[in-house]
Amino acid sequence: MSTARQMDQIKGGVHTDVRHDSAVNHVTGRSVFIDDMPNVPGTLHGALVKSPHAHAVIKSIDLNAARELTGVHAVLVADDIPGRNDVAPIFEDEPILAKGLVEYIGHPIAAIAADSMDIARAAASMVVVEYEELEPVLTIDEALERESYTSPPQIMRRGDSARGISDAPHQISGEVRCGGQDHFYLESHIALAVPQEDRDMLVYSSTQHPTEVQHGVATVLGLPVNAVTTEIRRMGGGFGGKESQSTIIAALAALMADKTRQPVKLRLARDDDMVITGKRHDFLFRYEVGFDDTGRIEGIDILMASRAGNVADLSSSVLVRALCHGDNAYYLPNAHIHGYPCKTNTVSNTGFRGFGGPQGMVAIETVIDHIAQDLGTDSDDVRRANYYDTGDRDTTHYGQKVTDNIITEIVDSLSREIDYPARKAAVAAFNQENTILKKGIALMPVKFGISFNLPTLNQAGALVHVYTDGSVHLNHGGTEMGQGLYIKVAQVVASTFQIDIDNVKISSTNTAKVPNTSATAASSGSDLNGMAAHDAATQIRDRMAGVAAEHFEVDESEIEFRNNRIYARNDSLSFAELAQLTWEHRVSLSATGFYSTPDISWDDETMTGRPFYYFSYGACVSEVVIDTLTGENRVLRSDILQDCGRSLNPAIDLGQIEGAFVQGMGWLTMEELWWDEKGALRTHGPSTYKIPGSRDVPPEFNVHILEDAPNREPTIFRSKAIGEPPLMLALSVWLALRDAVASVGGHGHLPNLDAPATAEAVLMAVADIQERAGDGT
Amino acid sequence: MGESRKISLSVNGKTYEEEVEVRFTLADFLRQQLGLTGTHLGCEHGVCGACTILLNGRSARSCLMLAVQADGQEITTIEGIAPSEDEMHPLQEAFRDNHGLQCGFCTPGMLTTLIEFLGDNPDPTEQEVREAISGNLCRCTGYQGIVAAALDAAQRLREANGA
């Protein structure tokens, strides 16, 4: 890799604030999302028939009226599927259309292709289904009671937790819950399936996982994988919601296209998107902890039960990540952390930024708060007493040594920067003087593991061509959902060739160009694809260097790529001239690159290993105010210090940190998925489901990237992943709200405040704590 | 399906005479009939703001209007705010330069909303900008880059107008 001096000379190399590659197209309205692609004549539009029951047997389906409607081309049910009705990403038997049994309200039963969406929807309303209703299981508690799971419980164990708890000087136990979260990507799910010769299928899918879409479509159509191509230029947001769920939509579109031999577009209207597709898992946690007089944990038992929904989908993986983050930044000497993916008659929950990690941290941060409450000490002291350290306190409960630990440094640095002790004193003083408004303040440290938990998934491919005019074509398996992956990987290629980034053409992700890819998920996009592209570009550069050495009659070691030129002693060629020369020498200017993350392992049986290549760290302090008469609340200020390693693009990373934090804040404060007693989601649009708006962001919001912190592992240009970790910093907001509520009871009682801490929840928690404080209990 | 009417309207300075179905929304009309796909559909019930266009210079939700209601009116979409094909409006430049976007889906609605706002209030405070875009949802950015872009654009526009 080249030196920093050389990097400075090209435009758009790594470690610079290059703009998003689509910036100009986005602001001029020229960016093409799938729904913007010109319709080929004959393109049909899809609509779905959804179950009105959470749990019922389908007695009969009458499709005749729908089929007879003018403009309808196909009305399809499970029996019409030529291949296998299954798009399960991990397990089996996850149908795209219900097979005799509906398992949630919104479960698709039939797919209709028609000349227009209006006609398709009209036809959908004419499908007559007879049901025999069954008793639904709707909550985590009911499923847990029945031991009904979508996959087997998963258990992490170290030492003797029961002994650790009972032998400790202090014991506590408790329960806390966190809600789910709708992704609310602004672009809802969409796929456009275009039939090709020989039943081949080309699918444009708004997906984070083109390969899984390809597999799902092939399975459903009964075709080999090579008959299906998936392409995606950009998504209007993904956040994990388009990791597995897009396969369902793409497979339905492909099924209709296969039957009609016409292109079919299936776009879910917002309300359908929210009802039909999965969300972040809500969780129930029960804990028992033993600790010493300083609050140091000696033994811990945490039950983590998630609402998986009707099928497994990614729930087992989400659960593993939750279990792996039940420690957050704290050493747990004797631990028993056990997870249960509860099967319920609600939509199957799925990946969402953080992927269980944020939920796991809700549990352990509640424990820390509870310990502090029990001892009557400051929760920050309890945090500090439990941080990972060197020596015998450096290994996680799943057996991974924490070798890159900067928790104390990052927390201390932030604390000094904002004079945290003075801020805490000011909050306490405010609360002394005010009876109606109460403030809260909290610090949240984050340690987040980077890599897919399953080692196999940590691989990526890239394809790079150099043309004879010196322009470069770049392709890789990662997808662009706004996070800036495409520009970061282009920066890597520009730096590798030492050419201006304008010479690098970014192209749509396509399964025919780079095969067998992993989802763009787990924050791993730039780590994996950046390395793969670097590999491809390096191969070509080395070949070009060989040609240049021959041309200049020097040793290859004397060839230097610098600032768009290739130097050999006092001679030089432009990059374009050398590209032409390389072609004339009959040397290939194209290469595929590959990368697999080294030094990672995971044993599914024992739930131990080194699943994470490295950890990402961050810290945040948030200050809030609540109105004890109404429960209304505001975040007044948040200060963030985030580890990005040596950032590939600080401007892009800053946007990731700000966006992730606000999204996390939404999850923990205002975004409430509200299900009625029949299992229907009643908050299925932005009129009732409130994501943060421009005025909900802290008015004082200071975000800093940790400086001089190159990744200790040799990642791509020593950068670190950024997509997910900052979301968990928003837990500081939730903890600060709990602190504000606790102040109502003079900090004598642990608040009963789950997430999301909506105004209503805060008001009830205030009333509850007032009652307990009044009773003197 | 259903009956249609002939409407005449100006879109981005160009006059169109079009036959439209009476139940067709203005958003669908712009996107499907005129091919102006920069106007995006996010929620289709007037809450997210992605479909915001300018109707006689005033911001409006094109998903909540019927195309026939635009008969005789003047519409500006994201495609029409730049002075020419090769130039950008200062607001567009400011969004590009301040990283006021990620996935880009909310961007057109943000810009059209702010065109109207900055016309009314050329020297806004940060709080006023936040109020102005409070009806436009962005799920990616946390709004920081967007607010910075709007304030920067206000300054660029003031300078351009000699203020």
Side-chain angles (χ1 to χ4, degrees), chain A residues 17 19-20 22-33 35-39 71 116 118-119 122 183-188 234-239 267 269-271 480-484 651-652 654-663 685-687 691-695 697 699 701 703, chain B residues 1-2 21 23 28 31-32 35-48 50 77-82 88-89 91-97 99-108 111 126-127 129-147 149:
Chain A
D17 285 340
R19 292 177 194 123
H20 196 282
S22 295
V24 171
N25 284 339
H26 285 347
V27 300
T28 53
R30 292 179 199 143
S31 292
V32 178
F33 295 88
D35 201 28
D36 304 337
M37 295 170 67
N39 281 347
S116 73
D118 277 352
I119 298 172
H183 303 84
F184 211 90
Y185 26 63
L186 263 280
E187 178 210 39
S188 56
R234 62 172 61 80
M235 284 163 269
F239 315 115
R267 175 175 72 83
R270 176 61 54 183
D271 296 79
E480 177 64 37
M481 58 199 98
Q483 84 279 41
I652 294 284
L654 196 65
Q656 285 296 297
I657 300 167
E658 291 166 350
F661 176 84
V662 171
Q663 198 170 63
S687 48
I691 70 168
S694 52
R695 293 175 298 181
V697 180
F701 187 22
V703 179
Chain B
M1 293 207 282
E21 287 179 14
R23 299 294 299 165
D28 285 345
R31 290 177 52 80
Q32 294 172 28
L36 296 169
T37 54
T39 298
H40 296 152
L41 289 171
C43 74
E44 295 176 82
H45 57 264
V47 181
C48 80
T77 69
I78 186 66
E79 290 91 344
I81 67 172
M88 286 202 287
H89 188 278
L91 184 61
Q92 293 174 313
E93 291 173 341
F95 265 71
R96 176 199 62 191
D97 296 344
H99 307 278
L101 48 88
Q102 285 181 28
C103 84
F105 209 82
C106 74
T107 312
L111 288 163
E126 181 185 327
Q127 191 52 37
V129 168
R130 288 190 183 275
E131 294 280 337
I133 58 166
S134 61
N136 291 71
L137 296 175
C138 169
R139 191 54 149 168
C140 297
T141 65
Y143 304 96
Q144 296 302 88
I146 292 171
V147 172

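Note that the structure is a prediction, hence the values are computed from the model and not measured.
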Is the shortest heavy-atom distance from the side chain of [X] to the side chain of [Y] under 4.5 Å?
{"X": "A:Val662", "Y": "B:Gln144", "result": "no"}
{"X": "A:Ser31", "Y": "B:Phe105", "result": "no"}
{"X": "A:Gln656", "Y": "B:Gln102", "result": "yes"}
{"X": "B:His40", "Y": "A:Glu187", "result": "no"}

Minimum heavy-atom separation for [X] to [Y], with atom names?
{"X": "B:Arg139", "Y": "A:Pro692", "answer": "NH1-CD, 3.8 Å"}
{"X": "A:Phe239", "Y": "B:Cys140", "answer": "CZ-SG, 3.7 Å"}
{"X": "A:Asp271", "Y": "B:Cys43", "answer": "OD1-O, 4.5 Å"}

Region of [X] in contact with chain B, defined by heavy-atom distances below 4.5 Å:
{"X": "A:Ser188", "answer": "neither"}
{"X": "A:Phe184", "answer": "both"}
{"X": "A:Phe661", "answer": "neither"}
{"X": "A:Asn25", "answer": "neither"}

Tell me which of these, [options], has more heavy-atom pairs under 4.5 Å with chain A than the rest.
{"options": "B:Leu36, B:Val129, B:Asn136, B:Thr107", "value": "B:Thr107"}
{"options": "B:Asp28, B:Thr77, B:Ile78, B:Val147", "value": "B:Ile78"}
{"options": "B:Ala132, B:Gly38, B:Gly104", "value": "B:Gly104"}

Between chain B and each of [options], count heavy-atom pairs under 4.5 Å; write down the option with the most.
{"options": "A:Gln483, A:Arg30, A:Met481, A:Arg267", "result": "A:Arg267"}
{"options": "A:Met37, A:Gln663, A:Arg19, A:Arg234", "result": "A:Arg19"}
{"options": "A:Gly29, A:Gly482, A:Gly659, A:Ser694", "result": "A:Ser694"}
{"options": "A:Pro38, A:Ser687, A:Pro699", "result": "A:Ser687"}

Counterpart residues, side-chain hydrogen bond (donor to acceptor under 3.5 Å, both in side chains), relative to B:Glu93 (two or more places apart): none

In Å, rounded to the nearest 0.5 Å, how long is the span from [atom1] of [X] to [atom2] of [Y]?
{"X": "B:Leu137", "Y": "A:Leu186", "atom1": "CG", "atom2": "CG", "value": "6.5 Å"}
{"X": "A:Glu480", "Y": "B:Cys103", "atom1": "CD", "atom2": "SG", "value": "9.5 Å"}
{"X": "B:Thr39", "Y": "A:Asp36", "atom1": "OG1", "atom2": "CG", "value": "9.5 Å"}

Candidate pair B:Met88 and A:Val27, rule side chain to side chain contact (heavy atoms under 4.5 Å, CB included), full reasoning: CA-CA 9 Å; B:Met88 286 202 287; A:Val27 300; 3.7 Å; yes

Pair A:Asp118 + B:Arg23, salt bridge at N-O below 4.0 Å: no

Quick one: what part of [X] sits under 4.5 Å from any heavy atom of chain A, side chain, backbone, both or neither?
{"X": "B:Arg96", "value": "both"}
{"X": "B:Ile133", "value": "both"}
{"X": "B:Leu41", "value": "both"}
{"X": "B:Asp97", "value": "both"}
{"X": "B:Ser134", "value": "both"}
{"X": "B:Glu79", "value": "both"}

B:Gly142 backbone acceptor or donor facing A:Glu658 side chain under 3.5 Å: no

Check: B:Gly42 main-chain N/O paired with A:Arg270 side-chain donor or acceptor under 3.5 Å: yes

For A:Arg695, all residues meeting salt bridge (Lys or Arg N to Asp or Glu O under 4.0 Å), sequence neighbours excluded: B:Glu131

